[in-house]
Protein chains: 2
Amino acid sequence: MSARTAQQSYTIKEAAALTGLPASTLRYYETIGVIAPISRGASSKHRVYDESDLDQLMWVACLAATGMSVSDMRQYVANGQLGPSAATEQVELLAQQERRLALEAKQLAVRQRYVRLKIDYWQAVDAGDTDRAELLSKEARELADELKRVKKP
Amino acid sequence: MSARTAQQSYTIKEAAALTGLPASTLRYYETIGVIAPISRGASSKHRVYDESDLDQLMWVACLAATGMSVSDMRQYVANGQLGPSAATEQVELLAQQERRLALEAKQLAVRQRYVRLKIDYWQAVDAGDTDRAELLSKEARELADELKRVKKP
DNA sequence: CTAGGAACTTCAAGTACTTGAAGTCAAAAG
DNA sequence: CTTTTGACTTCAAGTACTTGAAGTTCCTAG
């Protein structure tokens, strides 16, 4: 930690981009106490986020993404303040998040295929190609089964 | 459409499993008019879903998953009822969803890389490998810039 | 230095579900 | 046929954001 490390700071918009949470949610989390109050600019009321704020936020974003309730998150972050001794637990939860993201990616891919199929379908309908439309309709139904399968496990 | 096609029917739970939407949401969509009223059992008040209901629901589920508002969905499904005359409009909206999904996929990919990096980071910390931890921390920051860039365009 | 517009602020109201309570109905077990 | 278990029903209230209005503050250009 030399003088060279000039503590990066970020606006709320940048923090939002980095964490993937909308700025409105960042403010919301702060007002309800999920995250600690963010320091403000010397001559303004604007929030100024530093690296540790970002770390905390990214962490909260992970918990939120896994479906944890805000009251649980508040509790959990309060516990998490205790330091790096919880490294193992951190990794555990991050690994969980990784699996969740992998599942999300799968579901997204299926949805993308479905939308593409529906586009083709309507274009076939538009072109009066009934046979092709029916074929695509059937394909879409098969895809629906796949979507069903990817949801549960 | 022969007599063999004995119109499959489904309970709300099955419909929920097929569409990926919770049963509560299926009821909710019905009460606010996003989907048409579902017919009820002869001797009960229970909803009975048929194939076309499922088609409609699967469709709505896709729209919802891509972030369309309920009032837009209501409008959209109403158009869909009109038959193939609205085909062009359907394709237009679907293409929009497709672009949205592509963006979502990009953002998801970055988040996946970020989580992986954080896992590696905490494992390095856990192993006492300070150099590697610092390197990974720096990589994470570079990735953050990338995430920032993918948001805007 | 001073406009003007973008980005920030708070606060209140709206949206999209979600959950809980209290009751009805259905299918298998006895 | 009756009982029990569990899924279904409505309705009201709760949750987690989200959006809009009205007002600062920052920044870039003139």
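In what follows, chains carry the letters A, B, and so on, assigned in the order in which the sequence lines appear, proteins first and then strands, with residues in each chain numbered from 1.
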Of the nucleotides [options], which one has an atom closest to the side chain of [X]?
X       : options               : value
A/Arg47 : C/dT10, C/dA26, C/dA7 : C/dT10
B/His46 : C/dC17, C/dC8, C/dC25 : C/dC25
B/Lys45 : D/dC17, C/dA7, C/dT24 : C/dT24

Determine the contact category for [X]: base if any of its heavy atoms lies under 4.0 Å from a base atom, sugar-phosphate if only primed atoms, P, OP1 or OP2 are that close, otherwise nothing.
X       : value
B/Ser24 : base
B/Arg27 : base
B/Ile12 : sugar-phosphate

Using whole Å, report how far [atom1] of [X] lies from [atom2] of [N].
X       : N      : atom1 : atom2 : result
A/Ile32 : C/dC11 : CD1   : P     : 16 Å
A/Ile35 : D/dC17 : CD1   : P     : 12 Å
B/Met68 : C/dT15 : CE    : C1'   : 16 Å
A/Glu14 : C/dA7  : CD    : P     : 12 Å
B/Tyr28 : D/dA16 : OH    : P     : 17 Å
A/Leu21 : D/dA16 : CG    : P     : 14 Å
B/Arg40 : C/dA26 : CZ    : C1'   : 16 Å
A/Ile38 : C/dT9  : CD1   : P     : 11 Å

Taking the side chain as every heavy atom from C-beta outward, state whether [X] and [Y] have any atom pair closer than 4.5 Å.
X        : Y        : result
A/His46  : A/Thr11  : no
A/Gln56  : A/Asp50  : no
A/Gln123 : A/Arg132 : no
A/Val34  : A/Tyr28  : no

When the nearest nucleotide of DNA chain C is assigned to B/Ser44 and to B/Ser71 on a heavy-atom basis, which residue is associated with the more 5' position?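 Nearest-nucleotide comparison on DNA chain C picks B/Ser71.
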Does [X] have a side-chain nitrogen or oxygen under 4.0 Å from the phosphate oxygens OP1 or OP2 of [N]?
X       : N      : answer
B/Thr11 : D/dC8  : yes
B/Thr25 : C/dT18 : yes
B/Tyr29 : C/dA16 : no

DNA chain D: 5'-proximal contact among A/Val70 and B/Val48 (nearest heavy atom):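 On the 5' side of the pair lies B/Val48.
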Check: B/Glu30 side chain, B/Ile38 main-chain N or O, donor-acceptor pair, under 3.5 Å: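 Between the backbone of B/Ile38 and the side chain of B/Glu30 there is a qualifying donor-acceptor contact (under 3.5 Å).
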